[in-house]
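Basis for what follows: all heavy atoms, side chains included, without hydrogens, waters or symmetry-related copies. Count residues from 1 along the sequence.
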Amino acid sequence: MTLATPVLHTARLRLRPLTDADADRLFAMHSNTYVMRYWDSPPWNERARAERFIAMCRTMADDGTGARAAIDRASDGAFVGWCGLTGWNPDYRSASLGYVLAEAMWGHGYATEAAHALLRWAFDTLDLNRVQAETDTRNVASARVLEKIGFMREGTLREDCVVNGEVSDSWVFGLIRREWRSAAVPIPAREERL
């Protein structure tokens, strides 16, 4: 089953499928050591990684295992980052949420707004029952984003990542359909078919 990446609009953002034209922006973001300091893999050191990432996103959508969307600012089309659902399991009606934003886009509420729009799609269109997210325990800003959109911290994965020789723990967050409050962050979103 194909899981087409939606085009979603919020008050300030547009979420859309990643394209080959995003490769340079993805590489700039994923090669930034500061942006990637809490990620579970080292920063990218070659542009080809961006091309492989875009190809993997297409494969994931074709296989029906996930959907990743580029995030653009509606006012000027500036690339904000990406967010997505991976590990989609239609039998369990579950998936995992992830996002990365360019450093210049931090602190504006864009992660919260984009993730909320994607979750609305996940619960309303995909009929998911559970969405999970993980974040490095040092990444307090990401934990705040998840809590703002209704996620509950469920536990800690001790020493689950080793990146560049550094061992770190991760928090596991979960959001259950019955706990989802579509009005938790009042951001109008609409889906557009391509």
Side-chain angles (χ1 to χ4, degrees), residues 2-8 13-74 76-88 95-115 117-119 122 131-146 157-173:
T2 299
L3 186 61
T5 301
V7 175
L8 302 170
L13 304 173
R14 178 176 183 248
L15 282 68
R16 58 164 177 82
L18 286 158
T19 69
D20 294 336
D22 295 313
D24 288 336
R25 293 180 289 265
L26 284 169
F27 178 66
M29 184 174 65
H30 279 270
S31 63
N32 181 321
T33 308
Y34 190 64
V35 169
M36 301 306 291
R37 72 191 184 282
Y38 300 130
W39 203 249
D40 59 359
S41 61
W44 294 350
N45 56 14
E46 59 181 20
R47 186 183 179 282
R49 289 285 306 269
E51 294 165 358
R52 290 194 302 270
F53 181 83
I54 293 166
M56 181 188 64
C57 292
R58 285 187 188 118
T59 300
M60 199 169 41
D62 291 344
D63 292 347
T65 59
R68 284 199 179 113
I71 307 166
D72 296 327
R73 194 166 44 204
D76 60 2
F79 182 79
V80 173
W82 65 262
C83 67
L85 295 170
T86 60
W88 183 55
S96 293
L97 173 72
Y99 46 83
V100 178
L101 271 64
E103 185 177 359
M105 300 298 177
W106 294 357
H108 300 283
Y110 295 146
T112 303
E113 190 170 330
L118 195 65
L119 287 170
V131 178
Q132 182 169 305
E134 294 177 17
T135 187
D136 189 298
T137 56
R138 299 166 295 176
N139 193 347
V140 177
S142 186
R144 270 197 310 264
V145 166
L146 295 170
L157 299 175
R158 299 179 310 138
E159 298 186 9
D160 72 317
C161 290
V162 180
V163 178
N164 292 328
E166 187 175 352
V167 178
S168 65
D169 300 338
S170 294
W171 282 322
V172 177
F173 289 82

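For Y99, the side chain to side chain donor-acceptor pair (under 3.5 Å) partners are S142, not counting sequence neighbours. Checked against side chain to side chain contact (heavy atoms under 4.5 Å, CB included), V162 has the following partners two or more places apart in sequence or in another chain: V167. Applying the side chain to side chain donor-acceptor pair (under 3.5 Å) test to S31 and every residue at least two apart in sequence or in another chain returns nothing. Residues passing the ring pair (Phe, Tyr, Trp, His ring centres under 6.0 Å) test with W171, sequence neighbours excluded: none. Evaluation of the salt bridge (charged side-chain N to carboxylate O under 4.0 Å, His left out) rule for D22 yields R16, R25 as partners, not counting sequence neighbours. Shown here are the side chain to side chain contact (heavy atoms under 4.5 Å, CB included) partners of A141, two or more places apart in sequence or in another chain: N139, R144. Judged as a side chain to side chain donor-acceptor pair (under 3.5 Å), and not counting sequence neighbours, the contacts of R73 are D76. Every residue two or more places apart in sequence or in another chain that forms a ring pair (Phe, Tyr, Trp, His ring centres under 6.0 Å) with W106 is listed here: Y34. Under the side chain to side chain contact (heavy atoms under 4.5 Å, CB included) criterion, D169 pairs with T137, T156, R158, E159, not counting sequence neighbours. Not counting sequence neighbours, the partners of R58 by the salt bridge (charged side-chain N to carboxylate O under 4.0 Å, His left out) test are D20. Qualifying side chain to side chain contact (heavy atoms under 4.5 Å, CB included) partners for T86, counting only residues two or more places apart in sequence or in other chains: M60, R68, S96.
Taking the side chain as every heavy atom from C-beta outward, P17 and V7 approach each other to under 4.5 Å. For the pair F173 and L97, the minimum side-chain heavy-atom distance is 4.5 Å or more. Residues V100 and V35 are in side-chain contact: their nearest non-hydrogen atoms beyond the backbone lie under 4.5 Å apart. Within the 4.5 Å cutoff, the side chain of Y110 has heavy atoms near those of the L101 side chain.
Rounded to the nearest 0.5 Å, atoms NE2 (H30) and OG (S41) are 8.0 Å apart. Of the inter-residue distances, the one linking S170 atom OG with D160 atom CG reads 3.5 Å to the nearest 0.5 angstrom. If you take CG on D63 and CH2 on W88, they are separated by 12.0 Å, rounding to the nearest 0.5 Å. Note that the CG atom of D136 and the CG atom of L157 stand 11.0 Å from one another [nearest 0.5 Å].
Shown here for A114 and L13, the closest heavy-atom pair between the two residues is N-CD1, 3.8 Å. Annotation for L26 and W44: closest pair O-CZ3, 3.7 Å, computed over non-hydrogen atoms. When every heavy atom of L118 is checked against every heavy atom of C83, the shortest pair comes out as CD2-SG, 3.8 Å. Of all the heavy atoms in M29 and A102, the pair that sits closest is SD-N, 3.3 Å.
Across D72, V80, L8, a single residue satisfies side-chain contact (heavy atoms from CB on, under 4.5 Å) together with L15, and that is L8.
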Mind listing the side-chain donor-acceptor pairs of residues 48-56 below 3.5 Å, one per line with the distance, residues two or more places apart or on another chain?
residue: E51; atom: OE2; partner: R47; partner atom: NH1; Å: 2.2
residue: R52; atom: NH1; partner: E46; partner atom: OE2; Å: 3.4
residue: R52; atom: NH2; partner: E46; partner atom: OE2; Å: 3.1

